[in-house]
Amino acid sequence: MFEMQWPLLLLLAPLPLAMRFVAPKKRVEAALRVPFYQHASQLEKLNRLSVGKRPAKLFALWAMWLSCVIAATNPQWVGEPMSMPSSGRDLLMAVDISGSMEQTDMALNGQRITRLMAVKKVIGDFVTRRNSDRLGLILFGAQAYLQAPLTYDRQTVNELLQEAQIGFAGRETAIGDAIALAVKRLRDRPDSSRVLVLLTDGANTAGVLAPDKATELAQKANIKIYTIAFGAESMEVPGLFGSRTVNPSRDLDEPTMIAIAEKTGGKYFRARNLEELDNIHRELDQLEPIEIEAETFRPVETLFYWPLAFAFLLSMAMAGLHLWQGRSTPLTTTGVEAR
């Protein structure tokens, strides 16, 4: 439908007509002797010739004025109502980017990659699938940072995740601080929509708050935490007398991760490779969304530039017409030339 944002501005349309009666009339002063009278008479004759064109000129001026007034009312075309997503969760993801995430115990297409690269791929796909959720991103190492607040802009969240590098937040691991930061961001959201997905490959070695204390805060705030312990359990490394098998996840604190999930009503997952990590996030896709208040919006297209363009083109046409008339009618006569 068509509407004007400020329709009262149309009351200005008769303003030029009103100014004609308000403006003072010019007084006729005593005449003086003009030495170039014949030249002035020529101008008077040309003015009489253009009297027949005066109605068209007035119509054009009125059209320009009305076009400017209509543009000032900000005309708009309002489209049909469109529904916003009516269900979803506030889902915050806390991703470990400490020094241990550079361990190359993951494989993709037959090539060794770091744990962080594997996380970027899997969680990036997970983010694009969460159509109706508001997503946020916390990155933590020795400190925890809110990289992306809760938003429906999944593309931006994914880009910020892909730009994360090891060492941005320090090389140690502050699991407790990451949980505490998530509590701060989620506690004001609806009770049944507060979810945190925490991924780490180590144990709490830094930070101000211990994981058990942070878990108590999450319990009080009714935040459900899903914990993911990530990292392979065996890996071949070259040695002095040939390769040997080591456990790259020997520092992983699984008991703490299990306790965090159980105390908050979440679930603990163990991912030893990229495939298991992907399966875990597909299982997380099955989280039942809550019903929230449906929202609608109408797309609005502004149209003020159309009447402005019409007024501009009309003024250009009038200017061109006056220029053409001035060149095609010379203001000289034989008498004037003789002088």
Side-chain angles (χ1 to χ4, degrees), residues 89 91-130 133 135-141 144 147 157-158 161-162 164-166 169 171-176 178-179 182 195-205 211 215 218 223-237 245-287:
R89 287 185 180 273
L91 182 60
L92 204 52
M93 299 172 295
V95 178
D96 187 349
I97 57 170
S98 61
S100 57
M101 290 293 286
E102 64 184 355
Q103 180 67 258
T104 57
D105 58 349
M106 296 292 122
L108 177 63
N109 299 327
Q111 294 184 348
R112 287 287 180 182
I113 61 173
T114 65
R115 293 174 178 177
L116 183 58
M117 292 174 63
V119 167
K120 288 181 178 181
K121 182 182 185 309
V122 174
I123 297 185
D125 294 339
F126 173 74
V127 167
T128 58
R129 294 196 299 267
R130 304 296 295 192
D133 291 337
L135 301 178
L137 177 64
I138 291 176
L139 300 177
F140 67 96
Q147 191 73 355
V157 175
N158 190 18
L161 172 65
Q162 302 303 323
Q165 299 295 327
I166 294 171
R171 301 190 67 84
E172 296 180 304
T173 308
I175 297 175
I179 296 175
V195 178
L196 170 65
V197 179
L198 175 69
L199 184 146
T200 184
D201 65 343
N204 190 79
T205 58
T215 302
I223 296 174
K224 185 182 295 185
I225 302 178
Y226 292 87
T227 57
I228 303 174
F230 187 48
E233 292 183 344
S234 64
M235 178 180 176
E236 295 290 332
V237 296
T245 302
V246 298
N247 181 9
S249 299
R250 58 184 177 275
D251 296 329
L252 183 61
D253 188 0
E254 288 193 71
T256 298
M257 302 290 285
I258 294 173
I260 293 171
E262 290 180 348
K263 291 179 180 179
T264 58
K267 189 175 180 180
Y268 167 76
F269 299 96
R270 180 70 174 95
R272 299 168 182 81
N273 51 53
L274 194 144
E275 289 74 22
E276 289 183 358
L277 184 62
D278 184 58
N279 291 334
I280 290 169
H281 281 85
R282 292 190 180 277
E283 185 174 344
L284 291 175
D285 279 334
Q286 305 306 316
L287 294 174

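Only heavy atoms go into these numbers, but all of them, side chains included; no hydrogens, no water, no symmetry mates.
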Does anything in residues 108-129 form a ring pair (Phe, Tyr, Trp, His ring centres under 6.0 Å)? List the pairs, not counting sequence neighbours. Phe126-His281
Closest approach of Ile138 to Ala144 (non-hydrogen atoms, all atoms of both residues): CG2-CB, 4.4 Å
Could you tell me the separation between the CG atom of Leu196 and the OG1 atom of Thr264, rounded to the nearest 0.5 Å? 8.0 Å
Of all the heavy-atom pairs spanning Phe140 and Ala169, show the shortest one and how long it is. C-CB, 4.0 Å
Once rounded to the nearest 0.5 Å, what's the spacing between atom OG1 of Thr104 and atom CE of Met117? 10.5 Å
Tell me which pairs pass side chain to side chain donor-acceptor pair (under 3.5 Å) where either residue lies in residues 252-263, with sequence neighbours left out. Asp253-Thr256, Glu254-Tyr268
Do Leu161 and Met93 come within less than 4.5 Å of each other through their side chains, counting heavy atoms only? no
Any donor and acceptor pair, going by atom type alone, linking the side chain of Thr173 with main-chain N or O of Thr205 inside 3.5 Å? no
My understanding is that only residues two or more places apart in sequence, or in another chain, count here; which of them pass side chain to side chain contact (heavy atoms under 4.5 Å, CB included) with Ala271? Ile228, Phe230, Glu276, Leu277, Ile280
Looking only at heavy atoms, the pair that brings Ser98 and Glu172 closest together is CB-O, 3.1 Å
Does Thr227 reach the main-chain N or O of Leu198 with its side chain, forming a donor-acceptor pair under 3.5 Å? no
Let me confirm one number: the CG-CG distance from Asn279 to Leu274, rounded to the nearest 0.5 Å. 10.0 Å
Residues in side chain to side chain contact (heavy atoms under 4.5 Å, CB included) with Asp251, at least two apart? none
Holding to side-chain hydrogen bond (donor to acceptor under 3.5 Å, both in side chains), I want the full list of residues that pass it with Asp278, two or more places apart in sequence or in another chain. Arg282
Got a sec, which residues hit side chain to side chain contact (heavy atoms under 4.5 Å, CB included) with Thr128, two or more places apart in sequence or on another chain? Asn158
Using side-chain heavy atoms (C-beta onward) and a distance below 4.5 Å, is Val95 in contact with Gln147? no
Rounded to the nearest 0.5 Å, what separates atom CD1 in Ile260 from atom OG1 in Thr215? 4.0 Å
Shortest non-hydrogen contact between Ile97 and Ala164, atoms and distance: CG2-CB, 4.5 Å
Can you list everything that forms a salt bridge (Lys or Arg N to Asp or Glu O under 4.0 Å) with Lys121? Sequence neighbours excluded, please. Asp125
Which residues pass the side-chain hydrogen bond (donor to acceptor under 3.5 Å, both in side chains) test with Asp201, not counting sequence neighbours? Ser100, Arg115
Check: Gln162 side chain, Lys120 main-chain N or O, donor-acceptor pair, under 3.5 Å: yes
Listed partners of Thr200 passing side-chain hydrogen bond (donor to acceptor under 3.5 Å, both in side chains), at least two apart: Asp96
Is any side-chain heavy atom of Leu252 closer than 4.5 Å to one of Arg270? yes
State the OG1-CD distance between Thr114 and Gln103, to the nearest 0.5 angstrom. 9.5 Å
Hey, does Met101 have a side-chain heavy atom less than 4.5 Å from the side chain of Leu199? yes
Output yes when a side-chain donor or acceptor of Asp133 lies under 3.5 Å from a complementary backbone atom of Leu91, and no otherwise. no
Which atoms form the tightest heavy-atom contact between Asn247 and Ala232, and what is the distance? OD1-O, 3.7 Å
Pairing residues for Arg112 by the salt bridge (Lys or Arg N to Asp or Glu O under 4.0 Å) criterion, not counting sequence neighbours: none
Taking salt bridge (Lys or Arg N to Asp or Glu O under 4.0 Å) as the definition, give me every residue that meets it alongside Glu275, ordered by chain and number, with sequence neighbours left out. none
Enter the distance from Arg250:CZ to Glu233:CD here, rounded to the nearest 0.5 Å. 13.5 Å
Check side-chain hydrogen bond (donor to acceptor under 3.5 Å, both in side chains) between Asn204 and all other residues, then give those that pass, not counting sequence neighbours. none
